[in-house]
Amino acid sequence: MRLLRILSLGLVVLLLTAGALSAQDEKTLVVGHAESTDSLDPARGYTQTTGIINKLTYDTLVTFPDDSAASIEPALATSWEISDDGLTYAFTLREAMFANGDPVTADDVVFSFMRLKNVQGNPSFLMGDVASIEATDASTVTITLDTVSPAFLANLANTALAVTDAAVVEANGGTDAADAASTDDGETYLNGVSAGSGPYMLASWEPQVETVLVRNENYWGDMPYFDRIIITNIPEAATQKVALESGEIDIALDLTSDQIPSLKGNPDISIFNGAGNIIHFLLMNDDPAVGGPIADPMVQEAIRYALDYEGYKALWGGLTPASPMAIGISSAYGEDHAFTRDLDKAKELLTEAGYPDGFDTVLSYPIFTFQGVNMETNAQKLQADLADIGINATLNPGELQVALEEYRNGQEALGYWFWGPDILDPIDTLSFLPGGIVADRANWTEDIADQSILDLRDQAKIETDPDARLALFEQIQDSLQANSPWAPFLQPAVQTAYRSDIEGYVWHPQWLVDLSLLSRTE
């Protein structure tokens, strides 16, 4: 009996030792990031962090190249055909499995897309032009649109259009039924367990603390290098920098521009610095019951003239956008079309609007640092800029999720937020026009908008000729500068630092970084 106990103990020791060795051999990537996740359910999550994570755990029908959005490339779909009238798309699927071994079928695509449409979450607008989706057979999906959509294929590359395992999601409360907005209960499950076919699987998510991903051994594509990825929430850029220098993390996604010079002499650190595509802007509520004086178009124009654009660039680097369309996207105006500060003009407009002595308002914003830009710092500067023309803005900082809720419900009189394009096409700017998801948050509705901007919007939705599109979007940008509830003031530079033994880093305008491309020098 004693011998059996000794043998048993020896076996346990051997197993524990083997486990320890296995853990030591595991290749782990640790990422420092200021988390902004609202949900990991593809039908509901719609933040930059959600995009980073869901790019790893799910696949879309089509995708972009690793380093740009210059073309549309195959992903789960190996090929597609478009009808002559531009309304019908037929996709042929590759042979692929979900992480649990279930085959990816056309029925899964139909379920995923219809669930996205019917849940009516934040990204559901991406399905706005879809009239019907049909599984022609197990490997063919046919999608019919209500109207021609020049950016439809670019839409499909968004991680919100991820293909989920229908059987798993349905077994855990999900539904694609017409009443999914009130009956779908799949979010809780998908916040803890992914149901996709991407290179990684979600192991755990502790909101605002840590997200852990493990490699999907059933992945159909090239197997990623790292066995495990840990994305740890580090809201402060200074803390990210210290953690990177000490080797506690391998990559810091949210450093500020002023931190980069001190890292350049460190042989253990590599740096990426380049133009980003995030627009920081002021939202000025068009509903007088919410915005008060802020709802006046003359006041809105005065605010656009009041901002110290060069000051924001001095703080964070980058560019001054001319509109909510990021410089670098086709048709976007450059800095030569952007506003410059003119306090005399701003005060003149305020006087003409009936506020020669200014007025009081509230500036709402989240306590957050994103890609190295500290929103608290900018809010204080915005407050000072507005004070120069007599607008006294009381700062109203809020916890991210609470502030997001107020913003999305159109409850902020004056809000400071940022926007990354959902679609890497000028048509994304229509989100800021009446009927668009961002315009709704400013209560800029069709019934109060000028007919001219509505006509431009409707033409831009369907125009496919490149020259005609260019002319339309130039007119839209002109209109947004003249009369809109937006004051875009900064398109900051992107700076990412990582340990020098990390290879394969590429910044991407859609999902920021594809962590599955990274490896470590051995």
Side-chain angles (χ1 to χ4, degrees), residues 279-316 320-324 335 337-368 373-398 403 406-407 410-419 432 438-439 441-444 448-450 478-492:
I279 300 293
H280 287 248
F281 66 93
L282 279 177
L283 172 154
M284 299 173 283
N285 206 299
D286 257 348
D287 182 353
V290 180
I294 294 291
D296 189 316
M298 284 189 183
V299 171
Q300 294 171 357
E301 187 175 4
I303 288 174
R304 285 192 281 273
Y305 277 110
L307 301 185
D308 175 21
Y309 299 98
E310 291 300 314
Y312 297 100
K313 287 166 59 178
L315 280 171
W316 313 111
T320 299
S323 78
E335 284 194 293
H337 282 75
F339 273 82
T340 56
R341 196 177 205 206
D342 188 337
L343 292 178
D344 291 338
K345 177 69 172 177
K347 291 175 182 177
E348 178 185 321
L349 286 163
L350 274 188
T351 299
E352 190 175 350
Y355 303 100
D357 300 320
F359 55 85
D360 296 335
T361 189
V362 175
L363 173 59
S364 301
Y365 60 95
I367 303 170
F368 195 59
V373 177
N374 183 279
M375 297 184 71
E376 181 79 28
T377 299
N378 276 350
Q380 292 170 4
K381 180 163 176 52
L382 288 165
Q383 182 186 47
D385 289 353
L386 295 176
D388 286 341
I389 61 169
I391 298 177
N392 301 307
T394 299
L395 298 184
N396 179 36
E406 293 176 351
Y407 161 61
Q411 298 170 335
E412 296 179 338
L414 183 64
Y416 162 33
W417 289 91
F418 59 83
W419 177 262
F432 286 82
V438 194
R441 296 163 183 175
N443 292 306
W444 190 21
I448 65 172
D450 290 344
D478 290 338
S479 181
L480 288 171
Q481 288 189 329
N483 183 10
S484 75
W486 316 116
F489 62 89
L490 177 67
Q491 185 174 331

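Keep in mind that the numbers below use all heavy atoms, side chains included, and drop hydrogens, waters and symmetry copies. Predicted, not measured: the structure shown is a model, and the values here were computed from it.
- With 3.5 Å as the limit, one finds a donor-acceptor pair spanning the side chains of Q300 and D286.
- Within the model, atoms CG of D385 and OH of Y309 stand 9.0 Å from one another, a figure rounded to the nearest 0.5 Å.
- Between the OG1 atom in T361 and the CD atom in E412 there is a gap of 11.0 Å [rounded to 0.5 Å].
- Here the side chain of D388 pairs no donor or acceptor atom with the backbone of A306 at under 3.5 angstrom.
- Side-chain atoms of K345 and L349, non-hydrogen and from C-beta on, do get closer than 4.5 Å to each other.
- Of the inter-residue distances, the one linking L363 atom CG with L395 atom CG reads 5.5 Å to the nearest 0.5 angstrom.
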Legend entry - Criterion side chain to side chain contact (heavy atoms under 4.5 Å, CB included) on M375 and F418, from CA distance to verdict: CA-CA 9 Å; M375 297 184 71; F418 59 83; 3.8 Å; yes
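- Considering CG of D344 and CD of E348, their distance stands at 8.5 Å, rounded to 0.5 Å.
- The aromatic rings of H280 and Y416 lie tilted to each other, with the angle between the two planes from 30° to 60°.
- Closest heavy-atom contact between L480 and P324: CD1-CD, 3.8 Å.
- Atom-to-atom distance recorded for D296:CG and M284:CE is 11.0 Å, nearest 0.5 angstrom.
- Here the shortest heavy-atom pairing between P397 and I367 reads CB-CG1, 3.7 Å.
- Using modelled atom types, no side-chain atom of E406 and backbone atom of Q411 make a donor-acceptor pair closer than 3.5 Å.
- Ring geometry for Y407 against F281 counts as tilted: the plane angle lies between 30° and 60°, on a 0 to 90° scale.
- The aromatic rings of Y312 and F489 are tilted relative to each other, their planes meeting at an angle between 30° and 60°.
- Salt-bridge check for E301 with R304: failed, with every basic side-chain N at 4.0 Å or more from each acidic carboxylate O.
- In this structure, the side chains of I391 and F359 come closer than 4.5 Å at one or more pairs of heavy atoms.
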Inset, instruction - Determine, stepwise, if the pair N378 / L315 fulfils side chain to side chain contact (heavy atoms under 4.5 Å, CB included). - result: CA-CA 9 Å; N378 276 350; L315 280 171; 4.0 Å; yes
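- Closest non-hydrogen pair, A338 versus P321, comes out as CB-O, 3.8 Å.
- L283 places a side-chain heavy atom less than 4.5 Å from the side chain of W486.
- Scanning all heavy atoms of the two residues, the minimum distance from S323 to P488 falls at C-CG, 3.7 Å.
- The backbone N or O of N285 lies less than 3.5 Å from no partner atom in the side chain of N443, so there is not a single donor-acceptor pair.
- Put simply, CG on L350 and OH on Y355 are 9.5 Å apart, with the number rounded to the nearest 0.5 Å.
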Legend entry - Stepwise side chain to side chain contact (heavy atoms under 4.5 Å, CB included) check, I448 with D287: CA-CA 10 Å; I448 65 172; D287 182 353; over 6 Å; no
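- Counting all heavy atoms, side chain and backbone alike, Q491 lies closest to I279 at OE1-CD1, 3.5 Å.
- Heavy-atom neighbours of E352 CD from other residues, nucleotides or ligands within 6.0 Å: at or below the threshold of 12.
- Considering only heavy atoms from C-beta on, L490 stays 4.5 Å or farther from T320 through its side chain.
- With a 4.5 Å cut-off on side-chain heavy atoms, Y305 and I389 do not count as touching.
- The side-chain heavy atoms of I294 and I303, taken from C-beta on, include a pair separated by under 4.5 Å.
- Under the 4.5 Å side-chain criterion, counting only non-hydrogen atoms from C-beta, V438 is not in contact with W417.
- Here the side chains of L386 and L414 are in contact, with some heavy-atom distance below 4.5 Å.
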